[in-house]
Asker: 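So that we are looking at the same thing, I have put the structure below in structure tokens.
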Amino acid sequence: MSTESLWQSYADTTSFPELHHDIEVDVAVIGGGITGITNAQLLKEQGLKVAVLESHRVGVSNTAHSTGNLYEVMGTELIELGKKHGTDVLRDVALSRRDAVSFIEENIRKHQIDCDFMRVPWHYYTTTEEHSEKIEKHLAYSREAGLPIRETQLEHPALRSVRAVMMDNQAQFNPLRYVQALARIIHDENQCLIYENTNVLDVDHSGKSVVLRTEDANITARFVIHATHTPKGVMAYHTLMSPYREYGIAAKIKDPQHPPGIHFGFHGEDHYSTRVYARNGETYLVVVGLPHKVGHDDTHHKMMLLENFAAEKFEIIEFTHRWGGQHYRPADELPYIGRKGLSENVFVATGFSTHGLVYGTLAAQIISEDIMGREHKYARLYSAARFTPVKSAKKFLQENVTVFTAMIGDYLRRNKDSLVAVAPGEGKIIEHEGHKLAVYKDETEGLKVCSAVCTHFGCIVRWNNDERSWDCPCHGSRFDTDGEVLEGPALHALAKADLVDDDMPLRNPIPIIKDNLQTGLGR
Ligand code: FES
């Protein structure tokens, strides 16, 4: 069973250089996923000099863990958008997303990218009466917004619907193959520099130019784009968005068991997205679903539920892949795209919910136009400088109650475990002399001990028992078992502790919190 996503199994690895010397560019892009690479493409085409700074490998952080689905309508979110903003906004959101999908399709055609892009129908359905009202509302809002949606009936035994709607001409692809190919096409040594394993540790935009710092290089730029799914450092956006994890599994099935297209449906209390991916003579069923707030649920249990669902509904030959993906849900359901402040040269692209492939592409279109001094027709709709207190208020309060509960609850909890009580392959939070420690024991019983205090803003991380990571419940930063940042707004690794012996396991006192307000990107 692979813990990589299915898309990674059918993509190559990239090998762009690391950055070890100072450079000067027009635009620095933090993050080499679909948002960052598409931005770099569009800016290069306009004649600007761009550097992309990716902390891992191109596309592997979020793009490789997405659904690979591209569509303009949004299931339950469409209803929320209609309720909060009305059908004019809903129509504009759908049209802007349609444009972004067309852009991807045209890019693939123009550059002959082999990434399994296919136009397919999209379905939204329920197998029980209980959720019929949602389908009804979806239909009503879509019709009022003028979207070409229609009623249908799903007859496949695994997906048999009580009520269903569908829209033709949506799409699916392998997102990692697309982004890697695009990166190789645009990379050159003069105008579009792509660096991997290059971690931005600080951004100073207090001067006329922006200065980004890595371990051993400074990057000076006129503009900086945060294309990391959620902006790095401390920004107000983190209080307006909730971080969620969602899971995907892939299994070999007997073809053609699953009907063509993307199927998003309610099965009892839960909803699942299913589709088929075929390459190199193999056919896979892909099932995605069961989102939960980061650090707030048992991830292994979620994976098991996904597999149980697949096994119950389809004739599985073999489960092959399990992966988790992260997304950030904005309080008012609209992503934040554009300048952080109206007069600033710092751009953000965040709050994409589960639609990062489409919104990431759209963000690149909007931001590149702004940098070139033009206003994209959808720029105001997604303005990152907006704040909608009334629409956001309820969710804002709910989310911050969760954050404070996590902080206070963790500090009050007294964990009696000791280091020896940690089983191989397991992680535990342990209290030692007033410090919260994130303790992981590997299969050979080697202990890795870090501070459990998230370096973003001081919440206590929690163990993710399927993906073997330390996940922060507050704003979604995730760290590997060595404490290194995997994703999220944290800039710095968890503080590490050295083990001496059983009686005195810690040599170094653990810093309680790194003051990101002083050293981070928020200044
Ligand atoms: Fe914000 Fe951890 S991600 S405190």
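For clarity, every value in this text was computed on a predicted model and none was experimentally measured. Indexing begins at 1, ligand by ligand and atom by atom, following the structure's order. Atom set for the values below is all heavy atoms of this structure, side chains included, hydrogens, waters and symmetry mates excluded.
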Asker: Which heavy atom in Gly32 sits nearest to a heavy atom in Glu54, and how many Å separate them?
Answerer: N-OE1, 2.7 Å

Asker: Classify the contact between Ser477 and ligand 1 as side chain, backbone, both or neither, using a heavy-atom distance cut-off of under 4.0 Å.
Answerer: both

Asker: Answer yes if the ring centres of His327 and Phe352 are under 6.0 angstrom apart, and no otherwise.
Answerer: no

Asker: Just to confirm my numbers, could you give the angle made at atom 2 (Fe) of ligand 1 by SG of Cys472 and SG of Cys454, rounded to 10°?
Answerer: 110°

Asker: What do you get for the angle at atom 1 (Fe) of ligand 1 between ND1 on His475 and ND1 on His456, to the nearest 10 degrees?
Answerer: 90°

Asker: Working to the nearest 0.5 angstrom, can you tell me the gap between Asn174 CG and Tyr10 OH?
Answerer: 10.5 Å

Asker: Nearest to atom 4 (S) of ligand 1, what protein heavy atom do you find, and at what distance?
Answerer: Phe457 N, 3.3 Å

Asker: At less than 4.0 angstrom from any non-hydrogen atom of Cys459, what atoms of ligand 1 do you find?
Answerer: 4 (S)

Asker: Any ion pair linking Lys496 and Glu484 (charged N to carboxylate O, less than 4.0 Å)?
Answerer: yes

Asker: Which of these, Val358, Thr38, Leu70, Leu182, sits in a side-chain contact (heavy atoms from CB on, under 4.5 Å) with Ile104?
Answerer: Leu70

